[in-house]
Amino acid sequence: MAKSKFEYVRNFETDDTCLRNCYIVVRLDGRNFHKFAEQHKFTKPNDNRALGLMTRSARSVMEELEDIVIAYGQSDEFSFVFKRTSTWFKRRASKLMTHVASQFSSSYVFYWKEFFGEQPLLYPPGFDGRVVLYPSNRNLKDYLSWRQADCHINNLYNTVFWTLVQKGGLTTAQAEDRLKGTLAADKNEILFAEFDINYNNESPLHRKGTTLIWEKRDETVIKRMKLPNEEEKEVPVTRSRRKVQAYHCDIIGDQFWEEHTDILEDDS
Ligand code: DGT
Ligand code: MG
Ligand code: MG
Ligand code: MG
Ligand code: MG
């Protein structure tokens, strides 16, 4: 077919192919969730409905898009890691990022009711996205460690802050003052000495965030089968199926990676 005289505009598109051999990380973050959380009456410091909905939406991203090997989420953010050899959408950053963001956003709205019941969604939420490339397993693990450390630091702070307010009767301004300049050990001590709370016994979902990976599970189903010259009968059939599995564990240390050696490819 002859090309139209307008065809040249294609050449204005810029190349955004992600460098080969690198893990492609897409991180989403809720837009203005400070306000979104207020308006939808999220419980403080953590709302399990909101966290559940984030994880449900991330699961949908993993199931619908190709080549995501691990995802990590906390607060209003989720990171998705595409395997380093992925050729999905010719590794075009804009395609990968927008597919992740739109699949996540539409899932967030689609599954809202499963987590919030009759409480209405007041306006359409949005998520920003960015793409970052990591060339080595060390860099990728450090990236995920950075996000989990962020989860820990924020959750420890928020836990003490809201305990001081909700159980200690302080105003938010007083709680903020009280925590100024305190280190992690001081915060642990406030919780333990004044409120009999051992931070390490707090929910792993809140302390560690959520890690999603693919796992093979043997699944046995009963099938009705009809063989030639035989009666129809019920036979158990076992199949290996890939399922997205959620963990709320430490991913900074080596143990998680030693137990799940199939997530990352060798650096060599
Ligand atoms: P942004 O990302 O620059 O558009 O602005 P924000 O407001 O989304 O800021 P960000 O992403 O740094 O912080 C996340 C906000 O979401 C933070 O204000 C607390 C809120 N949030 C996230 N999860 C929860 C939750 O479980 N409960 C409550 N109450 N708030 C939450
Ligand atoms: Mg922000
Ligand atoms: Mg945000
Ligand atoms: Mg955030
Ligand atoms: Mg199209």
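Because only heavy atoms are used, hydrogens play no part in the values below, and waters and symmetry mates are left out as well, while side chains stay in. In this chain, residues are counted from 1 in sequence order. Read the numbers this way: they start at 1 and go in the same order the structure lists the ligands and their atoms.
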Notebook entry, point to check: ligand 1 versus Asp47, non-hydrogen atoms closer than 4.0 Å: side chain, backbone, both, neither?
Noted result: both
Check: Taking heavy atoms and a distance under 4.0 Å, where does Leu51 meet ligand 1: side chain, backbone, both or neither?
Finding: neither
Next item on the list: Determine whether the aromatic ring centres of Phe104 and Phe127 lie less than 6.0 Å apart.
Entry: yes
Note to self: Between the side chains of Arg242 and Glu63, is the shortest nitrogen-to-carboxylate-oxygen separation below 4.0 Å, so that they form an ion pair?
What the structure shows: no
How many angstroms lie between atom [atom1] of [X] and atom [atom2] of [Y], to the nearest 0.5 angstrom?
X: Leu212; Y: Arg59; atom1: CG; atom2: CZ; answer: 6.5 Å
X: Ile70; Y: Ser79; atom1: CD1; atom2: OG; answer: 10.0 Å
X: Met62; Y: Asp67; atom1: CE; atom2: CG; answer: 11.0 Å

Item checked: Other ILVMFWY residues reachable from Tyr199 by side-chain steps of under 4.5 Å -> Leu156, Tyr157, Val160, Phe161, Trp162, Leu164, Val165, Leu170, Leu179, Ile190, Leu191, Phe195, Ile197
Check: Hey, which N, O or S atom on Asp29 ends up closest to the Mg ion (ligand 4)?
Finding: OD2
Does [X] put an N, O or S atom under 2.8 Å from the Mg ion (ligand 3)?
X: Asp76; value: yes
X: Glu77; value: no
X: Phe33; value: no

Check: Of all the heavy atoms in Ala50, does at least one lie under 4.0 Å from an atom in ligand 1?
Finding: no
Check: Can His40 and Phe116 be said to form a ring-ring contact (aromatic ring centres under 6.0 Å, His included), step by step?
Finding: CA-CA 9 Å; His40 292 89; Phe116 285 88; 7.2 Å; no
Next item on the list: May I ask you to check if ligand 1 and Ala37 share an N or O to N or O distance below 3.5 Å?
Entry: no
Checklist line | N/O separation below 3.5 Å, Thr43 to ligand 1 | finding: yes
Heavy atoms only: which of [options] is nearest to [atom]?
atom: atom 15 (C) of ligand 1; options: Lys41, Gln74, His34; value: His34
atom: atom 13 (O) of ligand 1; options: Asn46, Asp76, Asp128; value: Asp76
atom: atom 24 (C) of ligand 1; options: Phe42, Phe36, Trp162; value: Phe42

Notebook entry, point to check: Do Asp150 side-chain atoms and Trp146 backbone N/O form a donor-acceptor pair below 3.5 Å?
Noted result: no
Checklist line | Flag, side chain of Gln148 to backbone of Cys249, donor-acceptor distance under 3.5 Å | finding: yes
Next item on the list: Report, in ascending order of atom number, the atoms of ligand 1 lying under 4.0 Å from any heavy atom of Arg31.
Entry: 4 (O)
Next item on the list: Pull out every atom of ligand 1 sitting under 4.0 Å from any heavy atom of Lys44, numbered as shown with elements.
Entry: 29 (N)
